[in-house]
Q: 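The structure follows.
Every chain is numbered from 1 and lettered A, B, ... according to where its sequence line falls, protein lines coming before strand lines. Keep in mind it's a predicted model, so treat the numbers as computed, not measured.
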Amino acid sequence: MAIVTGSCRFGLWHVHVTWQDDLVYRVRFARDGIDGPVPEEILRYCAGRPADLASLRSIATEGESTNARIYRTVRAVPCGGTVTYGEVARVVGTAPRAVGAAMARNPTPIVVPCHRVVAKTGMGGFSPDVAIKEALLAMERRGNVCTPEKRGVNR
DNA sequence: CCGAATGGTACTC
DNA sequence: GAGTACCATTCGG
């Protein structure tokens, strides 16, 4: 299986994904869509249906670089929850600003849920548009997309 | 509220 | 490779 690229819709945006099997190389938001396949879990997530993003791997979390540790820490944040840049920094042993910079250059948003990392004083940023971050968080707070396993107890 | 400290990365020579 | 300019922060004065 070769590396492929495709896109799916999320609200007003299109999510472009470059991937192979369960390994995601690149995710980016764009205004236009392209033809091609997208991992099943990302399709479900973008559609607001239950999705298990943890079953996907990201190249961003490979290796022992500081950034890889930052991305792994962010990936551990539960669906619907948030942490601050400073909290992530303290876990990894780096500076809050380094976390912000790592998020800004996150090669695989969604798979590495960088939208769950917020500033201590407010929302923080997101590229290309902070509205995407707000929409993702709002969607997760609704609870429909969050992985089923931990939700069974609640209802 | 303004300004400095802070760790890393991308980009230039 | 070294040097430098960014960066989606934070905390103190």
Q: Hey, is the main chain of A/L56 close enough, under 3.5 Å, to the side chain of A/E41 for a donor-acceptor pair?
A: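 No, A/E41 side chain to A/L56 backbone: no donor-acceptor pair under 3.5 Å.
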Q: When you get a sec, tell me which of C/dA8, C/dT10, B/dG7 is the closest nucleotide to the side chain of A/C114?
A: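 Ranking C/dA8, C/dT10, B/dG7 by closest atom to the A/C114 side chain puts C/dA8 first.
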Q: Pick base, sugar-phosphate or nothing for A/N67, based on heavy-atom distances below 4.0 Å to the nucleic acid.
A: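 Sugar-phosphate contact only.
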Q: Roughly how many Å is it from CZ in A/R69 to C1' in B/dG8, rounded to a whole number?
A: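 That distance rounds to 12 Å.
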Q: Could you work out which one of C/dA8, B/dG8, C/dT10 sits closest to the side chain of A/T66?
A: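 For A/T66, the side-chain atoms sit closest to B/dG8.
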Q: Where the side chain of A/R97 is defined as all heavy atoms beyond and including C-beta, which of C/dA8, B/dA5, C/dC11 is the nearest nucleotide?
A: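 Of C/dA8, B/dA5, C/dC11, B/dA5 is nearest to the side chain of A/R97.
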Q: What class does the angle between the rings of A/H115 and A/Y45 fall in, given that below 30° is parallel, 30 to 60° is tilted and above 60° is perpendicular?
A: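 Rings of A/H115 and A/Y45: tilted, as their planes differ by 30° to 60°.
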Q: With a 4.0 Å cut-off on heavy atoms, is A/G124 in touch with a base, just the backbone sugar-phosphate, or nothing at all?
A: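 The residue A/G124 makes no contact with any strand.
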Q: Starting the side chain at C-beta, find the nucleotide from C/dT10, B/dT9, B/dG7 nearest to A/R105.
A: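 Closest nucleotide to the A/R105 side chain: B/dT9.
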Q: Whole angstrom is fine here: how far is it from CZ in A/R90 over to C1' in C/dT9?
A: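 Result: 16 Å.
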Q: Counting distance only, does the side-chain N/O of A/R28 pair as donor-acceptor with the main-chain N or O of A/H16 below 3.5 Å?
A: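 Side chain of A/R28 to backbone of A/H16: no pair is present.
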Q: Answer yes or no: is there an ion pair linking A/R72 with A/E62, defined by an N-O contact shorter than 4.0 Å?
A: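 Salt bridge flag = no for A/E62 with A/R72.
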Q: If you check the A/A101 side chain, which of B/dG7, C/dA8, B/dT9 turns out closest?
A: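 Of all the options, the side chain of A/A101 is nearest to B/dG7.
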Q: Applying a 3.5 Å limit to both distances, which nucleotide forms a Watson-Crick or G-U wobble pair with B/dT6?
A: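 Checking every strand shown, B/dT6 finds no partner, since no pair has both distances under 3.5 Å.
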Q: Among the nucleotides C/dA8, B/dG7, C/dT10, which one has an atom lying closest to any side-chain atom of A/P96?
A: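 In terms of side-chain proximity for A/P96, the closest of C/dA8, B/dG7, C/dT10 is C/dT10.
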Q: By nearest atom, which of the nucleotides B/dG8, C/dA8, C/dC11 is closest to the A/A104 side chain?
A: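 For A/A104, the side-chain atoms sit closest to C/dA8.
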